[in-house]
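The structure appears below as structure tokens.
Along the sequence shown, the residues carry numbers beginning at 1.
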Amino acid sequence: MRDDDESDWVRRERTPGSPPRVIVVGAGVAGLSTGAYAQMSGLRTRVFEKHVLPGGCCTAWSRDGYLFDYCIEWLIGTAPGNDAHRVWRELGALDGKTITDFELFNRVVDEDGRSVTFYNDPDRLEAHLLSVSPADARLIRSFCRDLRRFVDIELYPFLTAPDLRTVRERAATLRTVLPAFRLFWRTAATPMHRFADRFEDPLLRRAFRNIFFQDPEGFPLLPYLFNMAAAHHGNAGFPQGGSLGLARSLEERYTGLGGTVTYRARTEEVLVENDRAVGIRLRDGRTYYAEHVVAACDGRTAVYGLLGGRYTGPRIDRLYDELLGRPGTLFPAVVSAFVGIRGDLPAGDAHSTTYLLPADDAARLPGALQHSLVVQLRSRYADGFAPAGKSVVHCTYFSDYAHWQTLRRTDRRAYRAEKRKVAAFVRDFLERQWPGAAGRIELVDVASPATTRRYTGNHDGSILAWKAFSDADDVAADLVGKDRMRLPGLSGFSMAGQWVGMGGLIRAASTGRFAVQYLCAELGIPFRAWESTATEPWHAGKLGRLPQLDRWSSREGAGA
């Protein structure tokens, strides 16, 4: 559907003989995925996005020639031969792109300079860990033995919605799961913090918690082993173009299939007649109609904002009333400090390092939830993130959303002062790690959890929404598998994205696929999907015009 067909979207009834219309709220990964699969299946779609860019949290911004890539640290599905890769190929996400793979997942350095490197190769990892702490040989060999077993397992259930899987598909899953059932059960039932506490070496006790850069708290062993095994296969790489590059590729695929994205269009209300969604009303008063509406945006906003809380049920109430405010249910918000530096970065440093901070250092980080700082050498991830002869470093830490949002709402001057504290700490910290670095730093751009909320609408500024393996996990799984991503008592409406299918980009993309599969089953039309055949090499021009967070001078070290 193109913009010249505007009249067909403002009429309550669709044109006789034309395919059903689908409105998608949100042009993040899930929204663009929904639109693309609906277009492939013969439906007409239109995506409405409040921002000026696609991608939601999968985004980037620029300043003085630097590109600040916000989201992707690794992407499941970058290697051919698995279902996750097939989804990305269908959505055009990897068209024309090179992939950067790393030999290690993360490095952890303590206050005394001792370090642990989490190599993706089980043999290399085992030898390294044994050299760090021979006394922990039994636990080290146990972890690496499990990692080897995960290397031999490929389980990416992202092609078919749970309630639509055929007997053959279910049998294929069982053939993968049953031989490894005890492994899955044991590693899913063993919290990482309990496993890590068994190490004699104090560094290993802390380092294992930070394989995922910072301690997500509550994660079991399974996701660590799964992701490290994927990285060992080259199936968790970094795509050229980064986060916004991924979003732009999805946008290009979607519009190439005939879809339209309308930007600067904030949805205010889902229009409902006789308990059926029939369209949307934008903040500026414009109304658009469709036979189906998919909310691929913040879950609470969809349920209680766009629909006024009129359609809930036990699962929705449990998620958004009981669990939403429970500590440990949402993935923590993040403070990001992007640093532009003249010259190269130290050749011997890992692309990603978690530095464990002493208490006095941690106290200087506003709103910090943990005593650690993650430093990623983003110039090593892909070309084009910095001007020639310069480099980009991305420093992050988990932070308290309320601290930032309260300041931004009540005292904008104090809010900016807190961001300057972050910038000053980062400058000082990098100088201590790399003597002489402070004199080469050209700018520091800081994004707070309030920034994430402002640009994406995500509740409490959480980038990944519900925390996997929390109490929300089973409830969300039932929303997808039992409720078919619908709300009780409301027809013509679906939800997609991380607030339904949990966090992670491949999961967000798969919810779009699932939403369309369920819709096609309801309409009695075949679901269709095929891989993109685009071959044009990726180039930076595809990113389009990049915004800045705000009008602050970069020399002041603050973002939005």
Side-chain angles (χ1 to χ4, degrees), residues 9-10 12 14 20-28 30-31 33-35 38 43 45-51 56 262 265-325 329-330 453 456-460 462 465-466 472 475-502 508 511-512 514-516 518-519 522-523:
W9 293 94
V10 298
R12 172 64 183 83
R14 65 176 160 135
R21 299 166 296 181
V22 179
I23 284 175
V24 182
V25 180
S33 170
T34 301
L43 303 170
T45 69
R46 188 160 177 177
V47 177
F48 292 86
E49 168 59 45
K50 69 174 186 174
H51 195 17
T262 302
R266 182 188 291 266
T267 301
E268 193 77 6
E269 179 186 7
V270 171
L271 303 176
V272 177
E273 296 177 2
N274 300 319
D275 295 326
R276 182 175 189 85
V278 298
I280 62 171
R281 178 176 60 82
L282 302 183
R283 175 167 289 187
D284 63 9
R286 288 178 293 168
T287 58
Y288 296 89
Y289 294 95
E291 284 63 62
H292 198 87
V293 176
V294 179
C297 57
D298 175 74
R300 183 171 180 81
T301 298
V303 174
Y304 294 100
L306 305 185
L307 289 166
R310 298 189 302 277
Y311 300 95
T312 65
R315 275 188 273 275
I316 293 295
D317 289 340
R318 178 158 166 73
L319 275 178
Y320 292 107
D321 287 340
E322 180 182 343
L323 295 178
L324 191 66
T329 304
L330 284 187
R453 172 69 178 178
T456 69
N458 279 12
H459 185 78
D460 282 2
S462 176
W466 307 113
V475 183
D478 284 344
L479 280 178
V480 176
K482 293 182 179 180
D483 296 342
R484 294 192 168 199
M485 306 160 78
R486 307 295 179 90
L487 295 179
L490 180 64
S491 60
F493 179 85
S494 304
M495 295 177 68
Q498 57 190 6
W499 293 97
V500 178
M502 307 301 289
T511 63
F514 295 169
V516 176
Y518 283 137
L519 179 56
E522 177 184 305
L523 296 174

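- Rounded to the nearest 0.5 angstrom, Leu271 CG and Tyr288 OH are separated by 12.0 Å.
- When every heavy atom of Lys50 is checked against every heavy atom of Thr456, the shortest pair comes out as NZ-C, 3.8 Å.
- Atom CG of Leu479 and atom CD1 of Ile316 lie 4.5 Å apart (nearest 0.5 Å).
- Centroid-to-centroid, the aromatic rings of Tyr311 and Phe493 stay 6.0 Å apart or farther.
- Contact record, Ala265 with Thr262: CB-O, 3.7 Å, taken as the closest heavy-atom pair.
- For Arg453, there are no salt bridge (charged side-chain N to carboxylate O under 4.0 Å, His left out) partners at least two apart in sequence or on another chain.
- Under the 30°/60° scheme for interplanar angles, the aromatic rings of Trp499 and Trp466 are found to stand perpendicular.
- Applying the salt bridge (charged side-chain N to carboxylate O under 4.0 Å, His left out) criterion to Arg266, with sequence neighbours excluded, gives no partner residue.
- Counting heavy atoms from C-beta on, the side chains of Leu519 and Val294 never come closer than 4.5 Å.
- One distance of note links CE of Met485 with CE of Met495; it measures 9.0 Å at 0.5 Å rounding.
- To the nearest 0.5 Å, the span separating CG on Leu307 from OG1 on Thr301 amounts to 11.0 Å.
- In this structure, the ring pair (Phe, Tyr, Trp, His ring centres under 6.0 Å) partners of His51, at least two apart in sequence or on a different chain, are Tyr455.
- Here the shortest heavy-atom pairing between Ser491 and Arg276 reads OG-NH1, 3.1 Å.
- Across every non-hydrogen atom of Ile280 and Thr267, the tightest pair is CD1-OG1, 3.7 Å.
- Put simply, the side chain of Glu291 does not reach to within 4.5 Å of the side chain of Leu523, judged on heavy atoms.
- Screening Asn458, Leu319, Leu324 for a side chain to side chain contact (heavy atoms under 4.5 Å, CB included) with Arg300, the sole residue that qualifies is Leu324.
- When all heavy atoms are compared, the tightest approach of Ala302 to Cys297 is CB-SG, 4.2 Å.
- When atom types are taken as modelled, the side chain of Thr511 and the backbone of Gly497 share a donor-acceptor pair closer than 3.5 angstrom.
- Scored by the side-chain hydrogen bond (donor to acceptor under 3.5 Å, both in side chains) test, Asp321 finds Tyr304 as partners (sequence neighbours excluded).
- Side-chain contact between Val516 and Thr34 is present, with heavy atoms from C-beta onward closer than 4.5 Å.
- Remark: Asp460 CG to Asp298 CG distance equals 9.5 Å, nearest 0.5 Å.
- Checked against salt bridge (charged side-chain N to carboxylate O under 4.0 Å, His left out), Arg283 has the following partners two or more places apart in sequence or in another chain: Glu268.
- Annotation for Ser33 and Gly512: closest pair OG-CA, 3.6 Å, computed over non-hydrogen atoms.
- Taking Arg486 as the reference, Glu522 meet the salt bridge (charged side-chain N to carboxylate O under 4.0 Å, His left out) condition, with sequence neighbours excluded.
- In this structure, the separation between NE2 on His292 and OH on Tyr518 is 12.5 Å, given to the nearest 0.5 Å.
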